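Taking it in order: structure first as structure tokens, then the write-up.
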Protein chains: 4
Amino acid sequence: MQSRSPAVRTGRPRSAAADAAILAATREALVELGWSKLTLGDVATRAGVAKTTLYRRWAGKNELVVDAVAELFDELELPDRGSLAADIEGVVLQFAAILARPEARSGLMAVVSESTRDDALRERIRTSVVDPQKDLVLEGRARAQARGELPPETDPEEAARTADLIFDVVAGAVVHRTLVSAEPADEEWVRGFTRVLLLGLVGAA
Amino acid sequence: MQSRSPAVRTGRPRSAAADAAILAATREALVELGWSKLTLGDVATRAGVAKTTLYRRWAGKNELVVDAVAELFDELELPDRGSLAADIEGVVLQFAAILARPEARSGLMAVVSESTRDDALRERIRTSVVDPQKDLVLEGRARAQARGELPPETDPEEAARTADLIFDVVAGAVVHRTLVSAEPADEEWVRGFTRVLLLGLVGAA
Amino acid sequence: MQSRSPAVRTGRPRSAAADAAILAATREALVELGWSKLTLGDVATRAGVAKTTLYRRWAGKNELVVDAVAELFDELELPDRGSLAADIEGVVLQFAAILARPEARSGLMAVVSESTRDDALRERIRTSVVDPQKDLVLEGRARAQARGELPPETDPEEAARTADLIFDVVAGAVVHRTLVSAEPADEEWVRGFTRVLLLGLVGAA
Amino acid sequence: MQSRSPAVRTGRPRSAAADAAILAATREALVELGWSKLTLGDVATRAGVAKTTLYRRWAGKNELVVDAVAELFDELELPDRGSLAADIEGVVLQFAAILARPEARSGLMAVVSESTRDDALRERIRTSVVDPQKDLVLEGRARAQARGELPPETDPEEAARTADLIFDVVAGAVVHRTLVSAEPADEEWVRGFTRVLLLGLVGAA
DNA sequence: ACTTAATCGAGACGGTACGTCAGGTCTTGCC
DNA sequence: GGCAAGACCTGACGTACCGTCTCGATTAAGT
């Protein structure tokens, strides 16, 4: 997270255990209190750590919560279920399961909201949350092309644009369903969504 | 906004001008400061109003911002452009234009985030922001069915589910593109999105 | 303590009771904790008052303690005991009694120390603590002159210088005895001091 | 300052230079910042020393400042000027010159103030600051008695009491003039003070 | 015109959290 | 073992907003 590669690393080294304790305490506080009532003093107390230790490592609430929530998305992966539709359904369900957890619900949109006025924060979110998810889209498409379910790309730039589009559609739909409409993105919904995504409104009707 | 229809309403009536001034001041503060740095004391000062006046009408920051942002969405409408695709492109572009404004960018996701732990707030958002948008989906589908672009519904419950799905996909995609990916939802993107929405990944490829 | 004579005094007026409660709490905390361990947060709590209320009225610990300690000196007066020697002994004993109280012991020299680098603070000390005491010197001298114990002044400037000198000698001796030598300025000591002051080392020997 | 005479003193011996550097840095910081803004971390940095080194030798800020200020008083001596009055004037001027230095002004009364609640600190002040000064009083009296300016003592206990009294009067007056009245104890003032001390108010008038 | 009563501005109030700073301790690795 | 470096826990700092309250002054509707 922070590297001081130059020079000899003098002085007492930072406790590695503190980082983990702080992030776990942050998630715990998110569950109990939600974003707006979460205070850094409380997180420090839960983690058994001084407030100064926390501020030495994170610039503020936003950065801390991004790192705490980002770890939730580490478990996302794209298991091979044999078909494009099945692959999509699988990964969307995983994504929905993460968004169903209260620590993600309250924290994620809050930091996204803050990131609209803080470029460094947006970059941090992109690096640790968004880009890893986007890689799943690329991997899924490659697999579908290998199976012959999708045609190979001709224009690489166009291909990148399409991947971004698909990612926004998939992630956006699940987030909106979960947080705005406040309805569960369960198996039935995911089947319907995947059908529309693959076949379109006209084809799915 | 609030009615005290029972009883006779004696005494000095509330200033109608104050409401408008407060909401305008709220949007102004959202633009300049963003959600997290917006304070009610500052809004009151901008509006030339005492803090008590503000608290007499809104319960807090969340409710105030919902009302201030909701007004931005009042201008959304569904002009008849002759085809389903053109109708979708038109309304999506309008939606994107609203989300491009800084007062919406910073405020909207923040209150959505808060609403994950506050049912009354979620209901307020739904009523004044979400449901009016959802009506546009219904209106668009009816128009497309009248044109023969989409088959008439058979199962009304299934039809409601589909409308919700479409709404989550459309709104979610635009929001995600604009706020998370932080890229503009411009005409080119909207064309690509509409194509995928109507034809699906397979059909659009 | 603070007057806002101009204009109309709008807004909620300051609580008069709070001032008294805060000063009393300050003295209480001085007794229990001493200057260096006294915290404004603790004083606020003892006074049943918010920290902000305290800061609204005093700039900091120094100013607060000056006001709290100054009240102790309000009781100083110069009773007519019939002779210059008896008058001096009487007022010095009173002064010593005040300096024997723990709230004065810990607080007084601390603010004097701070005042060496803070002109406004020195002025505050002078106005509310020192000058009233100095008036007693002038009053005592006038009385002694009326009795014929001291000759009337000829040069008024010289008279002012002498009054200052006497004040520094009297106050300084008692303070030094009490705080530096840490011995009680009891009746015996006061008698000896008065004898030296009136007759000098040579005359007193 | 601290002796570990028992045992064999193994390991690296303490740097003698560090002690001097720390005390000098302390006085420098007192001049620049004053007592209340002086921090041990800053002193350590100025002295080019780690905070641990400092704490290994002094228990805290109070003890450190006492030692740093005490060195200022080492230069006090009682040169023989031929008469009691001249001797007093000489030593009082020296004392006043030390108190005029900012490192003494800010530091001395602060530690005296602290010493009202810390017996060990008071003892340290007495040993390293007060008692050496008091010796000057004894020496001056002996010299005056040898000259026949003062009668020889009859009661040794009474003599000790008188010496203490004189010391409190002299030191107290200079301290009060310098720090409380914040006026210079210059030659003119010292002449007036000495005259009153020797002849008394009545005799000096 | 005269009450009546809720509104308005101003700003003080009790709180809570902020982010920083200093005190004093502990843990490294080098000397 | 001393030492420089710097992380650590603790606790206070002074500030900013919160949402409530207390003022005196308006301001309409009902008399």
Side-chain angles (χ1 to χ4, degrees), chain A residues 4 7-15 18 36-42 44-45 48-61, chain B residues 4 7-15 18 37-45 48-61, chain C residues 4 7-15 17-18 36-42 44-45 47-61, chain D residues 4 7-15 18 36-45 47-61:
Chain A
R4 199 76 80 269
V8 264
R9 306 294 290 110
T10 164
R12 175 173 173 177
R14 291 191 178 166
S15 157
S36 62
K37 299 208 170 139
L38 177 151
T39 71
L40 295 200
D42 178 62
T45 303
V49 143
K51 236 189 336 170
T52 41
T53 297
L54 207 155
Y55 277 106
R56 209 174 285 121
R57 300 169 189 219
W58 285 277
K61 195 165 154 172
Chain B
R4 199 79 81 270
V8 256
R9 305 290 291 112
T10 145
R12 176 173 175 175
R14 291 191 180 165
S15 157
K37 299 206 170 142
L38 176 151
T39 71
L40 295 200
D42 179 62
V43 168
T45 304
V49 142
K51 246 194 322 174
T52 35
T53 300
L54 206 154
Y55 277 105
R56 213 174 281 121
R57 300 167 192 220
W58 285 276
K61 193 165 156 173
Chain C
R4 199 77 81 268
V8 264
R9 305 293 291 110
T10 165
R12 175 173 173 176
R14 290 192 178 168
S15 157
S36 62
K37 299 208 170 139
L38 177 153
T39 71
L40 295 199
D42 179 61
T45 303
V49 143
K51 236 192 331 172
T52 40
T53 298
L54 208 154
Y55 277 105
R56 210 174 284 120
R57 300 168 190 221
W58 285 276
K61 194 166 156 173
Chain D
R4 200 79 82 267
V8 255
R9 308 289 289 111
T10 139
R12 177 169 171 178
R14 290 191 180 165
S15 156
S36 63
K37 299 206 170 141
L38 176 150
T39 71
L40 295 199
D42 178 60
V43 168
T45 304
V49 143
K51 249 197 313 177
T52 36
T53 300
L54 207 155
Y55 277 106
R56 215 172 281 121
R57 300 168 192 220
W58 285 277
K61 194 165 156 171

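Here is how names work: the chains are called A, B, and so on, in the same order as the sequence lines, proteins then strands, and each is numbered from 1. As the structure is a computational prediction, the values presented were derived from the model and not from experiment. Just the heavy atoms: all of them, side chains too, but no hydrogens, waters or symmetry mates, feed the values below.
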The side chain to side chain donor-acceptor pair (under 3.5 Å) partners of S36(A) (sequence neighbours excluded) come to E114(B)
If you measure from NZ on K51(B) to CG on L40(B), what distance do you get to the nearest 0.5 Å?
8.0 Å
The side chain of R56(D) is closest to which nucleotide in this list: dC3(F), dA5(F), dA12(E)?
dC3(F)
Looking only at heavy atoms, what is the nearest atom pair of L54(C) and V49(C), with distance?
N-CG1, 4.4 Å
Nearest-Å distance for atom pair CG/C1', residues L54(B) and dT20(F)
14 Å
In this structure, OG1 of T53(C) is separated from CZ of R57(C) (nearest 0.5 Å) by 6.5 Å
R57(B) side chain near dA6(E) phosphate (N/O to OP1/OP2, under 4.0 Å)
no
Both T10(A) and S15(C) contact DNA chain E. Taking the nearest nucleotide for each, which residue is further toward the 5' end?
S15(C)
Between T53(A) and A59(B), who's closer to the 5' end of DNA chain F by nearest nucleotide?
T53(A)
Quick one: on DNA chain F, does A18(A) or G60(B) contact a more 5' nucleotide (nearest heavy atom)?
A18(A)
Give each protein N/O atom lying under 3.5 Å from an N/O atom of nucleotides 10-13 of chain F, with the pair distance.
residue : atom : partner : partner atom : Å
dC13(F) : OP1  : L40(C)  : N            : 3.2
dC13(F) : OP2  : L40(C)  : N            : 3.3
dC13(F) : OP2  : G41(C)  : N            : 3.4

Produce the list of close N/O pairs, under 3.5 Å, pairing protein atoms with atoms of nucleotides 24-28 of chain F; give distances to one decimal.
residue : atom : partner : partner atom : Å
dT26(F) : O2   : R12(B)  : NH1          : 2.7

